[in-house]
Amino acid sequence: MTKADYSANKIGDAQAQGKDVATAKEQEAMGKAALTKGMNDEAAQHFEAAFRSIGVIPIGLDQDAGDGNSEDQRMRDAIN
């Protein structure tokens with residue numbers, strides 16, 4: 001599952017629960033646009049903002065900070 005697919009699923013879940021997903025949808029759209037331009041780091045930031053706006057811990061960010069991967073690297077890995 002790609003980051004964009006995961007994003008769409010989580011936003012759909014949040015919407016079904018009655019949460020305000022307007023910010024999440026905006027950030028998701030910006031993330032998808034950045035992906036199409038090959039701007040993976042920027043896309044990761046937008047997806048992270050989308051997730052946080054609906055209370056979801058982004059993929060890869062729930063790992064221990066001492067695991068040897070930077071937060072940016074984990075987000076890039078989650079996108080690809």
Side-chain angles (χ1 to χ4, degrees):
M1 175 180 290
T2 67
K3 189 74 163 186
D5 293 335
Y6 182 78
S7 167
N9 288 341
K10 290 300 179 182
I11 291 171
D13 291 346
Q15 190 169 23
Q17 295 171 9
K19 293 182 180 180
D20 179 5
V21 296
T23 299
K25 286 183 175 184
E26 289 174 13
Q27 290 295 325
E28 179 190 33
M30 288 188 269
K32 287 179 179 180
L35 280 178
T36 63
K37 296 176 184 175
M39 302 167 68
N40 292 348
D41 290 341
E42 184 173 331
Q45 291 172 1
H46 288 297
F47 286 121
E48 179 181 345
F51 294 138
R52 292 198 186 282
S53 75
I54 56 172
V56 173
I57 297 173
I59 296 172
L61 293 184
D62 56 347
Q63 297 174 11
D64 222 6
D67 68 358
N69 288 328
S70 71
E71 181 175 317
D72 290 338
Q73 183 61 46
R74 288 194 301 266
M75 288 301 290
R76 282 192 295 275
D77 291 344
I79 289 172
N80 298 322

- Message: Minimum heavy-atom separation for G31 and A43, please, with both atom names.
- Response: O-CB, 3.4 Å

- Query: Under a 4.5 Å cut-off applied to non-hydrogen side-chain atoms, are Q15 and K25 in contact?
  - Reply: yes

- Note on the structure: Rounded to the nearest 0.5 Å, the CD atom of Q45 sits from the CE atom of M30 at a distance of 11.5 Å

- Nearest non-hydrogen partners of I11 and A24, listed with the distance: CD1-O, 3.6 Å

- Message: List the residues meeting side chain to side chain contact (heavy atoms under 4.5 Å, CB included) with K10, not counting sequence neighbours, and say none if there are none.
- Response: Y6, D13, F51, I54, V56

- Contacts of A8 meeting side chain to side chain contact (heavy atoms under 4.5 Å, CB included) (sequence neighbours excluded), chain-then-number -> E28

- Query: Distance from H46 atom NE2 to K32 atom NZ, nearest 0.5 Å?
  - Reply: 13.5 Å

